[in-house]
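One structure below.
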Amino acid sequence: KNPLDCWIYQEILHEVKPDVVVEIGSAFGGATLFLAHMLDSIGHGEVVSVDITRANYCVEHARIKTVTGDSSAPDTVRQVRALCQSKRVLIIHDGDHSRKQVLKDMGTYWDLVSVGSYFVVEDGIVDQFKPAATSAIFGDFPDGGPLAAVEEFLRWNHSFEVDRSRERYIMTYNPSGFLRRVR
């Protein structure tokens, strides 16, 4: 994670005070644990970690609940929705970075995000820079990645707007990715 993006996360969590942070894509769980500790600092909320596998995931914390499965599979979606029912929700997407999958997940989960809260789409920087190192980490996305998905999503979903104030430190891995729900 970019440390400047982590700073923005702690600001958003403090302002929104979500009951649930849904993290789509957890890998080893480092960001999941960071989010749980940030929720500890405000004394409120839990993290729902969604990932297709737990092979490398190695964290435990009282504020973390795990849902294992493909983020767009009906059973996974049903479990996440049950954990978010009637709660103030913030979503962070850091799963499969292909445009197609990000867009699918955005279409599946957007309505869980509470008005005034956020749907953060991470790593849109892969659409802006395509050095060999980025490709080695994230893969190649000939049809676009997270930023392309955000742009397409915003063409049909007018419930969100890009919150440019969350990019004020200039260096972000999430360009146009801090989406605030406004209606």
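Excluded from the calculations below are hydrogen atoms, water molecules and symmetry mates; all remaining heavy atoms, backbone and side chain alike, are included.
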| request: Quick one: do Ile8 and Arg168 satisfy side chain to side chain contact (heavy atoms under 4.5 Å, CB included)? Show the steps, please. | output: CA-CA 9 Å; Ile8 295 297; Arg168 69 183 174 278; 3.7 Å; yes
| message | If you apply the rule side chain to side chain contact (heavy atoms under 4.5 Å, CB included), what do you find for Tyr118 with Val113, and how did you get there? | response | CA-CA 6 Å; Tyr118 288 79; Val113 178; 5.6 Å; no
| request: Output, in order, the C-alpha distance, side-chain angles, deciding distance and verdict of side chain to side chain contact (heavy atoms under 4.5 Å, CB included) for Ser49 and His61. | output: CA-CA 11 Å; Ser49 164; His61 189 284; over 6 Å; no
| request: Show your working on side chain to side chain contact (heavy atoms under 4.5 Å, CB included) between Met106 and Glu152 and close with a plain yes or no. | output: CA-CA 10 Å; Met106 292 180 81; Glu152 188 171 337; over 6 Å; no
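Taken together through direct or relayed side-chain contacts under 4.5 Å among Ile, Leu, Val, Met, Phe, Trp and Tyr, Tyr9 and Val162 form parts of separate hydrophobic clusters. No single ILVMFWY cluster, assembled from side-chain heavy atoms under 4.5 Å apart, contains both Ile92 and Val22. Residues Trp110 and Val67 share a single hydrophobic cluster, defined by chaining ILVMFWY side chains whose heavy atoms lie under 4.5 Å apart. Each of Phe28 and Met38 belongs to its own hydrophobic cluster when Ile, Leu, Val, Met, Phe, Trp and Tyr are linked at side-chain heavy-atom distances under 4.5 angstrom. Side-chain heavy atoms closer than 4.5 Å link hydrophobic residues (I, L, V, M, F, W, Y) into clusters, and following such links, possibly through other members, connects Phe178 to Leu13.
The backbone N or O of Val89 lies less than 3.5 Å from a partner atom in the side chain of Ser114, making a donor-acceptor pair. Side-chain atoms of Ser159 never come within 3.5 Å of backbone atoms of Arg181 as a donor-acceptor pair (strictly under, hydrogens ignored). In this structure, the side chain of Thr76 engages the main chain of Asp70 through a donor-acceptor pair within 3.5 Å. Of the possible donor and acceptor atoms, none in the side chain of Arg81 sits under 3.5 Å from a partner among the backbone N and O of Arg78. Using a distance-only test at 3.5 Å, with no hydrogens or angles considered, a donor-acceptor pair links the side chain of Asn174 to the main chain of Asp123.
The OG atom of Ser72 sits 9.0 Å away from the CG atom of Asp96 when rounded to the nearest 0.5 Å. If you take CD on Glu151 and CZ on Arg99, they are separated by 11.0 Å, rounding to the nearest 0.5 Å. How far CG of Asp19 is from CG of Leu39: 10.0 Å, rounded to the nearest 0.5 Å. Distance check, rounded to the nearest 0.5 Å: OG1 of Thr32 to CD1 of Ile64 gives 5.5 Å. Going from atom CG of Asp40 over to atom CZ of Arg63 covers 4.5 Å, rounded to the nearest 0.5 Å. Distance CD/Gln10 to CD/Glu15: 9.0 Å, rounded to 0.5 Å.
Looking at Glu167 and Thr172, their side chains never bring a donor and an acceptor atom within 3.5 Å of each other.
Under the 4.5 Å side-chain criterion, counting only non-hydrogen atoms from C-beta, Leu154 is in contact with Leu179. You'll find the side chain of Leu112 stays beyond 4.5 Å of the side chain of Val20, heavy atoms only. A heavy-atom distance below 4.5 Å is not found between the side chains of Val50 and Ser26. Two residues are said to be in side-chain contact when any heavy atoms from C-beta on lie closer than 4.5 Å; Gln101 and Ser71 meet this criterion. Contact annotation: the side chain of Tyr109 never approaches that of His93 to less than 4.5 Å [non-hydrogen atoms, C-beta and beyond]. His44 is not listed as a side-chain neighbour of Arg88, based on a closest heavy-atom distance of 4.5 Å or more.
A salt bridge links Asp163 with Arg180; the closest basic N to acidic carboxylate O contact falls under 4.0 Å. Checked for salt-bridge contact, Lys1 and Asp94 meet the test: a charged N lies under 4.0 Å from a carboxylate O.
The only member of Pro175, Ser176, Pro146 that meets side-chain contact (heavy atoms from CB on, under 4.5 Å) when paired with Val121 is Pro146.
Counting all heavy atoms, side chain and backbone alike, Gly145 lies closest to Asp127 at N-OD1, 2.6 Å.
Annotation: ring-ring contact (aromatic ring centres under 6.0 Å, His included) contacts of Tyr57 (sequence neighbours excluded): none. Residues passing the side chain to side chain donor-acceptor pair (under 3.5 Å) test with Thr53, sequence neighbours excluded: none.
Using cut-offs of 30° and 60° on the angle between ring planes, the pair Phe160 and Phe119 is perpendicular.
Crowding of Lys104 atom NZ: a count of heavy atoms from other residues, nucleotides or ligands under 6.0 Å not exceeding 12.
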